[in-house]
Structures are given as structure tokens and as C-alpha cells.
2 protein chains.
Amino acid sequence: MTSSPYWTSGDGRAALYAGDSLAVLAGLPDQCVDTVLTDPPYSSGGAFRGDRAAQGTVAKYLDSGNTGRWRDMAGDNRDQRAYAYWCALWLAECLRVTRPGGVIMLWTDWRQLPTTTDALQAGGWVWRGVVPWAKPDARPQAGRFRNACEYVVWGSAGAMLHDLTAPCLPGWYDATAPRNRVHPTQKPLSVTRGLVRVAPPSGLVLDPFAGSCTTGLAALLEGRRFLGVELVEDYLEAGALRLGAIITDPDDPQLDLFGQAEAAP
Amino acid sequence: MTSSPYWTSGDGRAALYAGDSLAVLAGLPDQCVDTVLTDPPYSSGGAFRGDRAAQGTVAKYLDSGNTGRWRDMAGDNRDQRAYAYWCALWLAECLRVTRPGGVIMLWTDWRQLPTTTDALQAGGWVWRGVVPWAKPDARPQAGRFRNACEYVVWGSAGAMLHDLTAPCLPGWYDATAPRNRVHPTQKPLSVTRGLVRVAPPSGLVLDPFAGSCTTGLAALLEGRRFLGVELVEDYLEAGALRLGAIITDPDDPQLDLFGQAEAAP
DNA sequence: CCTCTCGATGAATCCATCT
DNA sequence: AAGATGGATTCATCGAGAG
């Protein structure tokens, strides 16, 4: 690693890096990660480029009245082609740092779903499927179908490991978005915990757009290790706080972030 | 219409045409249809070309041992480019025969979802959203996410009619595929009935790949009219039988397939 | 009529073995 | 070598039949 982490858990189970994903990923060794789970900035919303560029993230995703609570997300105003190209870049970098057979999962919405599957494959991954999750509290619209679902696009680094002892995971989830959020597009912990179970036990989960570290929280709670990257200082701080709150027991098994699990001395 | 229908309900509420969709659609007048709901052959399955082009589409999707129960579907063996091109062709024809503001809905699976949204827009429609439906009895696979959802991609012929009195429709459905099927990929009637409710009351619903006419059944049960096209003789016969079974009351309001609803004389 | 068990099934996918 | 074939595998759900 070229840079030193913004925060580590102390027990080797989690680390958080400040900076641009592409730059930080470039400093990671090949095939050190088991699973990637991330929520890239969507660049969704308006149908035209002007709509997307005009406002920051906070005004775009939320009803008026809530603006002012959150920082704008970095890199959320690209046009469609640039977005796909940029995704392919960091997805290719994620592929390099992931072990063969490792799984990637990308949160996306209905409008960006086709772009996401394209970018995933452009980055060299094998697209394996889509896992919807339904928000029962979605806003109703007269005369049309309620926009109730978001999606997780998933794939693998080449052929999947043919482990017939691993359990089959659910094909869809049902959850309300968290009420008390630290981040404007924060995902439900219940769904995230379900998703990280594709990672091997005590495997390393990477999130190059860590935000407030829901992925990290889920990974640790499910007995996996976590490596997060985030650009915005405020979210790094909030994420470290959330992760630190559950890393309290110094007698937990000591783990090396880039190595194997080992028992405490 | 150039050709005469294979079957009509007698009361003007439903008609079934034999033949290739593109040919039959070409014989329809402009803007005579309110809503399109159809389940085209997906040409899906497998990561390799050979898996898609497998001899017999029934053998492709079902376990050996169950392959003798059904006729193969027509046109389920296109490669990716040909599938997108062919979809764009009939989708453009559907757009021509649909009234401005009319809605289209297309059943698809996870693998063909992005191609379907591309083809929809290539055909001139405005893509409006995705409605997943979950089948809890989907086949599981060890160590990966169950492939439990299929999708309905929907859009509109230009701007949507702004009818604020129309009810809001669900954003996802939950249903098991019917056990006692007439067609190998028959869709649940419950979901189909939910979907046709986007059509205006007594509006005309078109299905250019009618199969065993679940769309028609749903349309009639929800008080809409139905126009179906199907290529395979066996399915035409089964579809006519299913539709005929619910058109029993000669005192039903008399409707003209291409006109307005009118009371019986 | 209700409850329970048992068997069958799936718009798959992977892999070994052929042509 | 590339394509075709056949067998094995996952488990929630449904229907049939028994109790």
C-alpha cells in the first residue's frame, strides 16, 4: 500500500482509506480481496444531462426541506457515457484485486441497471444475475406502477467456485430504507448483511465507495473483514465512528487484513 | 385487416389471429390499441451461444423428463444482436398501432432485461420503469443468489396521459408460476390481471405473442378487450379454448374490438 | 374439514464426455 | 478444437393422498 489508512480497527479486521477509489485501488496487491460490495454514485435522476449536472446529489434525491443535512456526494454528475466509462475503469481495478471466483455486487436503480450490467462486463467481470430489493414505503404515482424496487447487480471474477456446501442465498429482499441516516443513499443493514454472506467466512470485503460504511458494518457483523475507500471526509468520519462502535472487544480473534484469520495469542 | 381472425369471441370483446406478429401487426390500422402486454420468446439461457440455440427450447428451460409435455415455442433461438434487432422491429410496429400515451409491458428475465430496455427504446417507446415479480419456487443454486425474480419492463407511447384519478399500481408482484400449465412459460394469472389494470376500462389490450392467452384471460376478467397473435397452432387452440370458457354470457355488453364500448341492443 | 407427510418441479447451470 | 449431449445439483412451494 502506498498510502496509510485513515482509520483501522486495531484488530486487523477493518480499515478505511481516504481518497479517490482508482488511486487507492492502484496501491492494492493483486487478488487480495474475496468480495466487492459497493454503491457507486448513480448519476441517475433527470433524463437529460442538464438535469443531472444542475443540482448536487442532496437536492436531487430528496424532497425539498431536507437539503442542508448532507454533503453532496463526490462524482455524481457525469453524463451517461462518461459514467459507464468511469465505472468500467474502477471495475477493472476491482477485478485485479479480487481472487478468482470472487463475487462482486453493485447497488443500482432501475434506470441505471442496464448501464451497470454493461459496465460490469466491460470491466471484465462475468455477470451472474440481479437481486431486487423492495421498499414498501416507495412513493405512489397515479396511473402508473409504483417505483418500489432497487437492484443489486452481481457477478464473478471468472468461473465461480463450485462449492456445493455453500447455502443458496435469497433472490430478493424486502426492507425499508433506514430512518435515521448518516448518508443520503444509505442502504438497509438487513439487506447488506444478507448480501455479504456470499463472501467466504472471515473473507475480505472491499467497498471502494464506502460512504457511511454500511457494508463494513454488515461485513463485521457477519464475521467478514472489511476494506473501505471514501473520498468525502465527513463520511469517513461517520463511517469510522459506526465501525468503531462495534469493535469493542480486544479479545476478539486477531485478523490480518491481507492474510488469513489467526487466533489471538 | 388483411387476414381474418383464427377465432373471435362473438361479442366483439376478443379476437385471436394466427401467424407471424410482424405480418399481422402490419395489417392493423394506426392507433387502434390502448395497451400492449406481451411475453416474447426470450432467446435466453446459458452463458454460451450453444446453450441458447439448444435443440428444442423446451429442453433448454426444463429438466429432462419433462420435455415431452409441450410444443416448442417459435423463435427462441436468436443470438443477442438478432434478438435486439427483431424486438425493435415488432416494437416499432406496436408503437404505430398504439394510441398516444398508451402503455406497453414486456415480460423478460434477468439476462435479457438490458437488451429489452434497449429494444423498447429503439422501437420508439419511452422507457418508464421495471416491475419485478418474485417466484419463491425458483430453482436454487448452491453458493449463489437464487434466481427468484423475473421482470416486466414498461413504457409509454410518448408522454403519459396525466390521469390523476387512475389508481396507483404495485411496484412488484409475488406469485408462483402455475402448476397446471398449458404453455411451458405460462405466466400467473394473478400478476397478469394486476398488470392489465393500466389499460383504460374496456380498452383494447394487444398481445403479439399470445401463447395460451393468459393476457387475454386477464384482460377480459378485468373488463378490457383483447387482440392476440400467435404462431403455433397448438397454442392458438389452447388459447381460444381458455378464452371461450369465460365468454359464456350472451347478455354481456356488446363491444366492438376496434371501437367504443356500447350497451347491448 | 383440517393437518401432515411425501413426492414432484423449476424461462438453470456446471461439468464430463461425446462427436 | 469447438459444439452437442447428458447427468447432477440446489430447496421453497404445491398438490396429492393419508390420517
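Numbers restart at 1 for each chain; the letters A, B, ... are given by sequence-line order, proteins then strands.
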Quick one: side-chain hydrogen bond (donor to acceptor under 3.5 Å, both in side chains) partners of D163(A), sequence neighbours excluded?
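side-chain hydrogen bond (donor to acceptor under 3.5 Å, both in side chains) check on D163(A) returns T165(A).
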Could you tell me whether the side chains of D207(A) and T215(A) share a donor-acceptor contact shorter than 3.5 Å?
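Looking only at side-chain atoms, T215(A) and D207(A) do form a donor-acceptor pair, the distance falling under 3.5 Å.
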[N] [atom2] sits how many Å from [X] [atom1], rounded?
{"X": "L161(A)", "N": "dT10(D)", "atom1": "CG", "atom2": "P", "answer": "17 Å"}
{"X": "L169(A)", "N": "dC11(D)", "atom1": "CG", "atom2": "P", "answer": "10 Å"}
{"X": "Q186(B)", "N": "dT9(C)", "atom1": "CD", "atom2": "C1'", "answer": "15 Å"}
{"X": "K187(B)", "N": "dG10(C)", "atom1": "NZ", "atom2": "P", "answer": "13 Å"}
{"X": "D109(B)", "N": "dG10(C)", "atom1": "CG", "atom2": "P", "answer": "16 Å"}
{"X": "R179(B)", "N": "dC14(D)", "atom1": "CZ", "atom2": "C1'", "answer": "4 Å"}

Can you name the residues that form a side chain to side chain contact (heavy atoms under 4.5 Å, CB included) with [X], not counting sequence neighbours?
{"X": "T115(B)", "value": "Q80(B), Y83(B), A84(B), Q112(B)"}
{"X": "P188(B)", "value": "W133(B), A175(B), P178(B), S190(B), V191(B)"}
{"X": "A148(A)", "value": "A138(A), R146(A), W172(B)"}
{"X": "N180(B)", "value": "none"}

The side chain of [X] is closest to which nucleotide in this list: [options]?
{"X": "K135(B)", "options": "dT13(D), dT10(D), dA12(C)", "value": "dA12(C)"}
{"X": "R181(B)", "options": "dA11(C), dT13(D), dC11(D)", "value": "dA11(C)"}
{"X": "T176(B)", "options": "dC11(D), dC14(D), dA11(C)", "value": "dC14(D)"}

Residue list, ring pair (Phe, Tyr, Trp, His ring centres under 6.0 Å) with W86(B), at least two apart or on another chain
W90(B), F209(B)
Rounded to whole angstrom, note down the C1' distance from dG15(D) over to dA11(C).
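Approximately 22 Å lies between the C1' atom of dG15(D) and that of dA11(C).
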When you compare the side chain of W107(B) with that of K187(B), does any pair of heavy atoms fall below 4.5 Å?
yes
Where at least one partner belongs to residues 173-205 of chain B, residue pairs that pass ring-ring contact (aromatic ring centres under 6.0 Å, His included), sequence neighbours excluded:
H183(B)-Y235(B)
Answer with base, sugar-phosphate or nothing: what part of the nucleic acid does [X] contact at a heavy-atom distance below 4.0 Å?
{"X": "D76(B)", "result": "base"}
{"X": "A142(B)", "result": "sugar-phosphate"}
{"X": "P170(A)", "result": "nothing"}

Only Watson-Crick and G-U wobble pairs with both distances less than 3.5 Å should count. Give DNA chain C in dot-bracket notation, marking inter-strand partners with |.
.|||||||||.||||||||
Heavy-atom donor-acceptor pair, R146(B) side-chain to dT10(D) base, under 3.5 Å
no
By nearest heavy atom, map A138(B) and N180(B) onto DNA chain D; which one lands nearer the 5' end?
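The residue whose closest nucleotide sits nearer the 5' end is A138(B).
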Strictly under 4.0 angstrom, non-hydrogen atoms only: write out the protein contact profile of nucleotides 13-19 of chain C, one letter per nucleotide from the 5' end, B, S or -.
SSS----
Using a 5.5 Å cut-off between ring centres and planes within 30 degrees, is Y61(B) stacked on the base of dG10(C)?
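So no, this residue does not stack on that base, at least one cut-off failing.
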Shortest non-hydrogen contact from V205(B) to R224(B)?
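Scanning both residues, the minimum pair turns out to be CG2-CB, 3.9 Å.
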